[in-house]
Colleague: 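Can you read through this structure? Questions will come right after.
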Amino acid sequence: MQNDTEKKDIFDKIMSARLFKPFEGVYKAHKEVLLYLFFGVLTTAVSFVTAGIAKAALESAALSKDTVANVSTVIAWVCSVTFAYITNRIWVFESQAEGAKGIIAEGASFYGGRIFTLLVETFMMWAGYSKLNFNYWLTKIAANVVVVVLNYIISKLLVFRKQG
């Protein structure tokens, strides 16, 4: 939790505004999780928008359902993971990694964890959409819920763990 002598980020400043003052205590007590959820929603939006664009382009090329599901998922993954790394590093976990070596190691760890959850999501899309013929978007939503939880655990325990 942040004390008053620490530098306030944009979210701290927003939450200290009169309109949000009643929620400031809850925000301060649960800042990391709240920001993770906030950026998780935005990351999901990035994922869904890029998946939708890729899905439409791939379907217009008359590709198989397997190809559409897998390729659109990978494209969405690249865009959303890049967005997530930047926002998680700066605001959610307030990374202390410094220098090229530290940031590269942290980024590699972040992307490595996301590769694991990409495989989980890809499997869920293949099983749900391609094989069981569930609705694409309902399958995508279910897969993203699982991925968000796994990503938080990986980020908290492995990637952005506090040193010292």
Side-chain angles (χ1 to χ4, degrees), residues 9-11 27 29-164:
D9 64 30
I10 188 167
F11 298 100
Y27 166 75
H30 305 287
K31 178 180 178 178
E32 183 180 277
V33 171
L34 292 171
L35 287 177
Y36 183 80
L37 292 173
F38 173 75
F39 285 114
V41 168
L42 293 180
T43 299
T44 300
V46 169
S47 179
F48 277 40
V49 168
T50 55
I53 292 167
K55 179 181 181 288
L58 295 166
E59 286 176 340
S60 70
L63 298 172
S64 72
K65 285 178 79 171
D66 285 345
T67 301
V68 169
N70 291 330
V71 174
S72 67
T73 298
V74 170
I75 290 169
W77 180 85
V78 170
C79 295
S80 62
V81 169
T82 301
F83 176 82
Y85 176 66
I86 293 166
T87 58
N88 279 229
R89 176 177 164 63
I90 295 170
W91 290 293
V92 177
F93 297 104
E94 299 174 348
S95 172
Q96 301 301 310
E98 294 180 354
K101 185 177 178 181
I103 293 169
I104 289 169
E106 179 185 81
S109 179
F110 188 87
Y111 279 84
R114 291 324 192 256
I115 288 171
F116 169 73
T117 57
L118 169 64
L119 295 173
V120 170
E121 183 177 2
T122 301
F123 173 77
M124 291 180 74
M125 291 303 295
W126 169 79
Y129 178 65
S130 300
K131 296 304 176 197
L132 299 173
N133 290 313
F134 292 156
N135 177 277
Y136 179 89
W137 293 110
L138 292 178
T139 306
K140 185 92 174 135
I141 290 167
N144 271 263
V145 169
V146 170
V147 165
V148 165
V149 171
L150 288 173
N151 284 341
Y152 180 78
I153 292 167
I154 291 167
S155 291
K156 180 78 174 165
L157 299 180
L158 301 175
V159 178
F160 297 109
R161 65 183 177 270
K162 302 293 183 207
Q163 303 297 323

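All values reported here derive from a predicted model rather than from experimental measurement. Any value given below was found using the heavy atoms of this structure, including those in side chains, with hydrogens, waters and symmetry copies removed.
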Colleague: Is any side-chain heavy atom of Tyr152 closer than 4.5 Å to one of Leu37?
Modeller: no
Colleague: Side chains of Tyr136 and Thr139: closer than 4.5 Å at any heavy-atom pair?
Modeller: no
Colleague: Mind listing the closest non-hydrogen atom pair of Leu34 and Tyr27 along with its distance?
Modeller: CD1-CA, 3.8 Å
Colleague: Identify the two heavy atoms, one from Leu150 and one from Phe116, that lie closest to each other, and give their separation to 0.1 Å.
Modeller: CD1-CE2, 4.3 Å
Colleague: What's the separation between atom CG in Asn151 and atom OG in Ser80, rounded to the nearest 0.5 Å?
Modeller: 8.5 Å
Colleague: To check you understand the geometry: which heavy-atom pair defines the closest contact between Leu58 and Thr67, and what is its length?
Modeller: CD1-O, 4.4 Å
Colleague: Can a cation-pi geometry be assigned to Lys31 and Phe11, taking NZ or CZ under 6.0 Å from the six-membered ring centre and within 45° of the ring axis?
Modeller: no
Colleague: Indicate yes or no for a side-chain donor-acceptor contact from Arg89 to the backbone of Ile86 under 3.5 Å, with no hydrogens or angles considered.
Modeller: no
Colleague: Hey, is the main chain of Leu118 close enough, under 3.5 Å, to the side chain of Thr122 for a donor-acceptor pair?
Modeller: yes
Colleague: In the structure I gave you, are the side-chain heavy atoms of Phe38 and Val92 within less than 4.5 Å of one another anywhere?
Modeller: no
Colleague: Which heavy atom of Gly107 sits nearest to which heavy atom of Tyr85, and what is that distance?
Modeller: N-OH, 3.7 Å
Colleague: Taking the six-membered ring for Trp, is the centroid-to-centroid distance between Tyr36 and Phe160 below 6.0 Å?
Modeller: no
Colleague: Are side-chain heavy atoms of Ile154 and Thr117 found at a separation under 4.5 Å?
Modeller: yes
Colleague: A side-chain contact here means heavy atoms from C-beta on lying under 4.5 Å apart; do Lys140 and Met124 qualify?
Modeller: no
Colleague: With a 4.5 Å cut-off on side-chain heavy atoms, are Asp66 and Lys131 touching?
Modeller: yes
Colleague: Might you confirm whether atom CG of Leu132 has over 12 heavy atoms from other residues, nucleotides or ligands at distances under 6.0 Å?
Modeller: yes
Colleague: When you check the side-chain N and O atoms of Ser155 and Arg114, is any donor under 3.5 Å from an acceptor?
Modeller: yes
Colleague: Out of curiosity, Thr73 OG1 to Trp126 CH2, how far, rounded to the nearest 0.5 Å?
Modeller: 13.5 Å
Colleague: Can you see which heavy atom on Lys65 is nearest to which on Ser130, and at what distance?
Modeller: O-OG, 3.9 Å
Colleague: Are the side chains of Glu94 and Asp9 in touch, meaning some heavy atoms are under 4.5 Å apart?
Modeller: yes
Colleague: How long is the span from the CH2 atom in Trp77 to the OG1 atom in Thr50, to the nearest 0.5 Å?
Modeller: 12.0 Å
Colleague: Give the minimum heavy-atom separation between Ala97 and Gly102, together with the two atoms involved.
Modeller: CB-O, 3.8 Å
Colleague: Determine whether Val49 and Ile53 make a side-chain contact, defined as any pair of heavy atoms from C-beta on separated by less than 4.5 Å.
Modeller: yes
Colleague: Kindly say whether Thr43 contributes a backbone atom to a donor-acceptor pair with the side chain of Ser47 at under 3.5 angstrom?
Modeller: no
Colleague: Show your reasoning for whether side-chain contact (heavy atoms from CB on, under 4.5 Å) applies to Val120 and Val146.
Modeller: CA-CA 8 Å; Val120 170; Val146 170; 4.1 Å; yes
Colleague: Supply the atom-to-atom distance Asn70 CG to Glu121 CD, rounded to the nearest 0.5 angstrom.
Modeller: 10.5 Å
Colleague: Can you tell me how far CE of Met125 sits from CG of Asn144, rounded to the nearest 0.5 angstrom?
Modeller: 8.5 Å
Colleague: Hey, could you give me the OG1/CZ distance between Thr44 and Phe39, rounded to the nearest 0.5 Å?
Modeller: 13.0 Å
Colleague: Judged by modelled atom types alone, do Glu106 and Ser95 share a side-chain donor-acceptor pair under 3.5 Å?
Modeller: yes
